[in-house]
Amino acid sequence: MMNRRSVLKAVFTGGLVAGMGVLMPRVAMAAWSKAAFEAGSQEAAMGALYSTNPSASAEVTLKAPDIAENGAVVPVSVKSSLAGVTSIALFVANNPQPLAAQFTIPEGTLANVSCRIRMGKTSDVTAVVTTASGVFSASKEVKVTIGGCGG
Amino acid sequence: MKIIKSLLAGASIALVASITQAANSGNTLASVDPEADRLALQSYFQKRFPQVALSDYVNGIYALDAPSREQWQDIEEFPPYEFDIEEGEALFNKTFANGKSYADCFANGGIGIRQNFPRWDASQGKVVTLELAINQCREANGEEALGWKKGKIAQISAYMAYTSRDNVFDVQIPNDKAKAAYLDGKQSFYARRGQLNMSCANCHVAGAYIKIRADLPGPTLGHVTHFPVFRSKWGNLGTLQRRYGGCQKNVRGVPQKTQGEKFRNLEFFQTYMSNGLVVNGPGARK
Amino acid sequence: MKKTISLVAALMMVSGVVAAHSFNEAFNEQRAMYGKGHSFMWNGQTYITDHPEEVAAAVEANAANAAKLLASAKAKYAEVLAVDFGWTLTAKLLKSANKALEAGDFRKSMNISAQAEYHSRMGIAQYHQSQTEWIMAVPE
Amino acid sequence: MAKGILRAKAKVKGDNTVVKIMAKHAMETGNRKDTSGNKIPAKFIQTLSISYNGKTVMETNMGTAISKNPYLAFTFVGGAKGDELQMTWTENTGASATETAKIK
């Protein structure tokens, strides 16, 4: 895990000179962190990925519905106006495994991703954006309801 | 000026009256008037939701509810039924053991014809839905019938709907026998069933866009246009009649037979109500 | 003070029941409020909020009576299925009534059979209603 | 015409290319049980990376909280009509493949 972190840090610090370091970040990007993805709590998952706690930022925009039509397919997008975004991660606090996805953003790719997540129940969804200067986040509560039309 | 106004008022009253009468009196073969029913239903919804364009009803509840619409539009960016259209196309084009194919069973080779189903088949003396026609085609060519509710039949139906997108629904009621089937479907639509004592209309006419626990039922106008649907709840594609059965179970009734006469007539009635709207199936729903 | 209020309440209820309700409405209202086994007045007569099926089940709990009620409930269920208006819970009720009968719990079996028969009777009533009154639901 | 599990819609928009990808995959979480009560083993896509002209333009690590038929949309600078994107996915089971899609 320490290994993983130091590699990540190396990427973060090297983030701004990326582009020429095509091969180097690839190695770090490919790593799927078992510790983070299998963590049972958001705190543990974040701890496995970041060395500091993310700080809330208005420059991170998380788009998610107030009430999910269906918890099995919740459309979510994250974008950020911060400079030098190297990665974006999504957490669903109340899921059995809160870390949903991690997107590595190489230089030349916009800090703007969309995906669809699963939510077992009402929960805060948190987007965490990593840049050379720190770790930033935005959260939003998404309600998951039990419908009347099971069919 | 006054004269024109009162004339207009008089005309509109007469119009409303005739519609009301048609909708209200249409419970016998002699008095039922499908076209009046259709216009009455349209005007009912347009009065309730004046801001919604008639053509938008093909989007079901998403025509009425903005937050759901936004999520649905996100899903439609890359809809989950695309795989099913692909598979449906492959299945549709696969020849049967006897060398024939679906194209041989349908008008225009089966392309762009969704809007004409369900149709009254005079020789069989019954309503034939697209799914029934698909299975009849298979059986006529020595193939086994497919299951009615999901899987291959839904995929083939999805592909056929896809080739018909933007075609205008044009269900025909050519004679009194067909009209009787329509009336039977109308009756089913408004009849209460199950322990909850609810009819289709309770949720999808009066109850459209009114919360039932956490669900917002869609308006029946435009209901059928987007079927078959990939329903997130199912996690796969299903036919209209699969949904019928689900609805009947939801009101705690024993569901009627899939592709039985009752359901086919109900589909006949319901699709006739959406005449004039376009085919936009397959669709994605919650 | 308390007395007056409850008296007023009682008066309102009684007058309401008598004046504005058909027997079925009064029965359904009382049943919904108090459940079964409750007496109420209607048009000067005392009635009890039991369904006919519950009255039929209010006999000695023994194997013969339980079997009879179950058979009757099953027949009624077949009848409602024949007109395509069955309710989803009924099949399960019949199963548990059968189970209770086999376990010798006759009272339980009889009560469940009564409930199952009630479901089927209501389903049949829905069928008849669907033949005539459905048109009332068509919006104007 | 053998097709993989990925479908992509990549379109040039101004100076950028907008990429939308969907995978046909159940994303089995390992938390579900089958009808006889046995746990259905986890089977999900763990990584999906997309490259253009030999350069990685997006790399995704996914967990079980990604919905069935995973969807991903992103935008990168550059890209030209007719060029190909390389998309490589790996599953937690070790299965993996590279598929391609044309930019339109």
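The structure presented is a predicted model; accordingly, all values stated were derived computationally and were not measured. Chain letters run A, B, ... following the sequence lines, proteins first and then strands; every chain starts at 1. The basis for the numbers below is simple: all heavy atoms, side chains too, and nothing from hydrogens, waters or symmetry mates.
A distance of 12.0 Å separates CE in D/Met62 from CG in A/Leu90, rounded to the nearest 0.5 Å. Here the straight-line distance linking atom CD of D/Glu59 with atom CD of A/Gln102 works out to 9.5 Å at 0.5 Å rounding. The distance from the CD atom of D/Gln46 to the OG atom of A/Ser33 is 10.5 Å, given to the nearest 0.5 Å. Atoms CE and CD1, on D/Met58 and A/Ile105 in that order, are 4.0 Å from each other to the nearest 0.5 Å. For the atom pair OG1 (D/Thr90) and CH2 (A/Trp32), the distance works out to 9.5 Å, reported to the nearest 0.5 Å.
A/Asn112 touches chain D through its backbone: at least one of N, CA, C or O sits under 4.5 Å from a heavy atom, while the side chain does not. At a 4.5 Å heavy-atom cutoff, the contact between A/Phe103 and chain D is made by backbone and side-chain atoms alike. At a 4.5 Å heavy-atom cutoff, D/Tyr52 makes no contact with chain A through either its backbone or its side chain. The contact between A/Ile117 and chain D is made by backbone and side chain atoms together, counting heavy-atom distances below 4.5 Å. Both the backbone and the side chain of D/Met27 come within contact range of chain A, judged by heavy atoms closer than 4.5 Å. There is no contact between D/Asn92 and chain A, counting heavy-atom distances below 4.5 Å.
Between D/Asn61 and A/Phe37 the shortest side-chain heavy-atom distance falls below 4.5 Å. Between A/Glu107 and D/Val77, every side-chain heavy-atom pair lies at or beyond the 4.5 Å cut-off. Between D/Ile66 and A/Cys115 there is a side-chain heavy-atom pair separated by less than 4.5 Å. With a 4.5 Å cut-off on side-chain heavy atoms, D/Leu72 and A/Arg116 do not count as touching.
Between A/Arg118 and D/Thr29, the closest heavy-atom pair is NH1-CG2, 3.1 Å. What you find for D/Thr75 and A/Thr109 is that their closest heavy atoms are O-CG2, 3.4 Å. Contact between A/Pro96 and D/Asn31 at its shortest, heavy atoms only, is CG-ND2, 3.8 Å. The minimum heavy-atom distance between D/Ala65 and A/Ala100, with the atom names listed, is CB-CB, 3.7 Å.
More than 12 heavy atoms of other residues, nucleotides or ligands shown are found within 6.0 angstrom of NZ on D/Lys68. Atom CD of D/Glu84 has more than 12 neighbouring heavy atoms from other residues, nucleotides or ligands inside a 6.0 Å radius. More than 12 non-hydrogen atoms from other residues, nucleotides or ligands lie less than 6.0 angstrom from CG of D/Asp34.
When the candidates A/Ala101, A/Gly108, A/Gly120 are compared by the number of heavy-atom contacts under 4.5 Å with chain D, A/Gly108 comes out ahead.
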